[in-house]
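Worksheet: one structure, shown below.
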Number of protein chains: 2
Amino acid sequence: MGEQARQLSRERVLEAAVGIADAHGLGALTMRSLAAELNAKPMSLYHYIRNKDELLDALVDRVFAEIELPEVGGDWRAEVRRRSVSARTVLARHPWALALVETRTNPGPATLRHHDAMLGVLRAGGFSLPMTAHAYAIVDAYVFGFVLQEASLPFDSADSANAVADSIMEGFASGDYPHLVEFATQHVQQPGYHFGGQFEFGLDLILDALAVHHGASHPSSIRPENGVPQPPGRSR
Amino acid sequence: MGEQARQLSRERVLEAAVGIADAHGLGALTMRSLAAELNAKPMSLYHYIRNKDELLDALVDRVFAEIELPEVGGDWRAEVRRRSVSARTVLARHPWALALVETRTNPGPATLRHHDAMLGVLRAGGFSLPMTAHAYAIVDAYVFGFVLQEASLPFDSADSANAVADSIMEGFASGDYPHLVEFATQHVQQPGYHFGGQFEFGLDLILDALAVHHGASHPSSIRPENGVPQPPGRSR
DNA sequence: CAAGCGTATCGTACTTAGTACCACTTACTT
DNA sequence: AAGTAAGTGGTACTAAGTACGATACGCTTG
């Protein structure tokens with residue numbers, strides 16, 4: 001892009017790596033392509049990165065760093081919600097990241113800071129240790145799982161069902177998958193459909209359910225404000 | 001293992017591929033290692049498989065085939081629960097499968113049958129189409145997400161925290177991650193702790209919440225409690 | 001039974017990717 | 001100016017996917 005190689009740096013290397021992965025997918029991120037992007041030769045990168053594995057670890061941490069941290073003193077529900085929405089947004093921006101999270105198990109500082117903050121809001125919000133564990137596990141399973149599903153959708157929007165439709169359509173025509181057919185034609189292919197829109201519904205459902213369990217195994221603890229049923233209202 | 005090469009077959013190839021992935025991980029599954037396992041030469045495999053991508057697609061479908069199908073007529077909650085527990089069990093048995101699900105977006109027959117059955121129980125259970133979509137998305141996000149987390153745990157049990165502990169411990173000592181420390185020492189490293197045990201708790205929590213929304217035609221209008229944005233600012 | 005043919009198997013070799021090894025170049029120090 | 005360390009890159013080895021045929025084997029059909 002620029003003219004010729006300004007001084008390399010770990011920062012520039014990582015930045016370029018994210019750029020390549022965002023633009024062309026993880027598969028396109030090779031040491032060679034990365035070097036080319038930086039107007040350098042492959043081996044030069046090894047001065048800033050031990051090997052490709054370490055590079056990938058660093059990328060994961062970089063993505064985690066983009067997620068909004070929950071504020072530890074704040075209302076747990078609002079804070080967890082905000083960071084969960086942010087997490088999904090970030091992961092949608094870097095779809096390749098999820099594949100990495102799965103493999104790389106060396107959390108970097110941003111990742112640890114993130115976990116710490118999440119545990120922090122929940123504890124400060126009055127959750128017992130075991131309930132904190134449950135809540136965190138459930139919320140994150142949902143967030144990551146949702147993104148995972150988005151990534152592996154056969155039909156990611158109402159129209160792009162075409163390519164995949166081939167193999168499906170055999171079965172469709174044969175009546176093997178009646179419910180899938182109903183679902184696809186009556187729901188998915190309907191005008192306003194957008195899978196991603198379901199995210200917040202599920203998130204709220206889970207947060208509400210957690211609120212009910214709030215403080216469990218801490219019989220003494222009382223839930224200050226949002227234990228009181230709010231007047232029923234629409235969510236938005 | 002065996003003596004010499006019995007006749008190859010697609011079945012044998014896939015079986016061997018699953019075996020290698022189970023035993024040594026996806027990374028160890030190469031056309032060459034697969035051929036070796038079958039006492040054959042790499043190129044022989046291409047008579048049963050178009051290319052490696054197709055092989056991976058087939059493996060995903062094979063894993064889906066192992067998951068217990070919900071029975072379409074039965075009690076939706078019980079059936080969804082049973083298949084969800086089964087799904088987690090299967091995915092835990094083949095940890096590499098999740099990574100594939102993420103990439104491969106060509107559902108095979110078993111996968112489609114699976115989706116169809118899930119949609120079927122929910123519809124038969126009285127869920128509206130939109131609520132079916134929500135319910136399925138939420139449950140599967142949770143199931144897949146939970147497995148994903150299990151796969152990427154830095155500390156997967158009370159003791160094996162050692163290897164990873166290096167990078168973490170810097171921060172631990174420095175007091176950067178107080179809540180992580182509390183969590184690790186007071187909860188994770190406690191005798192009976194086992195992350196996987198949390199699965200059913202969360203699953204039930206979600207199913208209960210879905211039961212509340214059961215049959216809603218316009219889901220967002222019946223949030224049970226505290227679905228209203230709280231006035232910001234006041235917190236403890 | 002021989003000739004012919006389709007299917008299964010494999011030998012060879014090309015391509016892409018990660019990276020070890022070492023040489024060179026440059027910039028900063030003294 | 002000379003020495004040194006840090007940065008850069010050329011070459012080449014290895015692993016993996018797979019294209020392109022060639023061969024081998026068994027089963028028909030004359």
Side-chain angles (χ1 to χ4, degrees), chain A residues 1-60 62 96-97 99-100 102-106, chain B residues 1-60 62 96-97 99-100 102-106:
Chain A
M1 301 280 123
E3 353 55 71
Q4 94 297 8
R6 187 166 101 256
Q7 169 89 334
L8 287 178
S9 72
R10 187 178 170 93
E11 203 33 44
R12 286 190 64 214
V13 170
L14 295 181
E15 200 177 327
V18 169
I20 293 176
D22 282 350
H24 311 289
L26 252 199
L29 176 61
T30 69
M31 296 305 279
R32 290 167 210 268
S33 68
L34 182 52
E37 177 75 18
L38 292 161
N39 295 318
K41 296 291 138 71
M43 290 316 290
S44 304
L45 306 176
Y46 287 87
H47 265 264
Y48 304 96
I49 265 141
R50 201 179 313 280
N51 51 42
K52 196 176 179 183
D53 267 13
E54 198 207 73
L55 171 69
L56 297 179
D57 280 336
L59 292 186
V60 171
R62 213 153 205 279
W96 44 269
L100 289 185
E102 210 171 330
T103 331
R104 335 259 88 238
T105 49
N106 286 319
Chain B
M1 309 262 129
E3 354 54 74
Q4 95 295 9
R6 186 166 101 258
Q7 169 89 333
L8 287 178
S9 72
R10 187 180 170 93
E11 203 33 45
R12 286 190 65 215
V13 170
L14 295 180
E15 200 178 327
V18 170
I20 292 177
D22 282 350
H24 311 289
L26 254 197
L29 176 60
T30 70
M31 298 304 280
R32 294 166 143 91
S33 68
L34 181 52
E37 177 75 19
L38 292 161
N39 295 318
K41 296 291 140 71
M43 290 316 291
S44 304
L45 306 176
Y46 287 87
H47 265 263
Y48 304 95
I49 264 140
R50 200 180 313 281
N51 51 42
K52 195 175 179 184
D53 267 12
E54 199 207 72
L55 170 69
L56 298 179
D57 281 337
L59 292 185
V60 171
R62 212 154 207 278
W96 45 270
L100 290 186
E102 209 171 330
T103 330
R104 334 259 90 236
T105 49
N106 286 319

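For clarity, every value in this text was computed on a predicted model and none was experimentally measured. Every chain is numbered from 1 and lettered A, B, ... according to where its sequence line falls, protein lines coming before strand lines.
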Might you confirm whether atom CZ of A:R10 has over 12 heavy atoms from other residues, nucleotides or ligands at distances under 6.0 Å? yes

Does a side-chain N or O from A:S44 land closer than 4.0 Å to OP1 or OP2 of D:dG7, or not? no

Candidate nucleotides C:dC10, D:dG9, D:dA16, ranked by approach to the side chain of B:K41 - the nearest: C:dC10

Report the distance from atom CG of B:L45 to atom CG of B:L55, rounding to the nearest 0.5 Å. 8.5 Å

Which whole-number value in Å describes the distance from B:L38 CG to C:dA8 C1'? 14 Å

side-chain contact (heavy atoms from CB on, under 4.5 Å) against A:T103, all qualifying residues, sequence neighbours excluded: none

Tell me: CG of B:L8 to P of D:dA24, nearest whole Å? 18 Å

How would nucleotides 19-24 of chain C be written as a contact map, 5' to 3', with B for base contact, S for sugar-phosphate-only contact and - for no contact, using protein heavy atoms under 4.0 Å? BBB---

Within this structure, what is the CG-to-C1' distance between A:L56 and C:dA17, rounded to whole angstrom? 13 Å

Atom-pair distance (CZ on B:R10; P on C:dA8), nearest Å: 13 Å

Expressed as a whole number of angstroms, how long is the span from B:E37:CD to D:dA16:C1'? 18 Å

Rounded to the nearest Å, what distance is computed from the CG atom of residue A:L34 to the C1' atom of nucleotide C:dT16? 16 Å

Are the side chains of B:E54 and B:N106 in touch, meaning some heavy atoms are under 4.5 Å apart? no

Could you give the side-chain donor-acceptor pairs of residues 13-32 of chain A under 3.5 Å, partners two or more places apart or in another chain?
| residue | atom | partner | partner atom | Å |
| --- | --- | --- | --- | --- |
| A:D22 | OD1 | A:H94 | ND1 | 2.6 |
| A:D22 | OD1 | A:W96 | NE1 | 2.6 |
| A:D22 | OD2 | A:H94 | ND1 | 3.0 |
| A:T30 | OG1 | A:R32 | N | 3.3 |
| A:T30 | OG1 | A:S33 | N | 2.9 |
| A:T30 | OG1 | A:S33 | OG | 3.3 |

Whole angstrom value for the distance that separates P of D:dT18 from OH of B:Y48: 18 Å

Check against salt bridge (charged side-chain N to carboxylate O under 4.0 Å, His left out), B:R62 and B:E11: CA-CA 10 Å; B:R62 212 154 207 278; B:E11 203 33 45; 2.2 Å; yes

Starting from C1' on C:dA17, measure out to CD1 on A:I49 and report it in whole angstrom. 16 Å

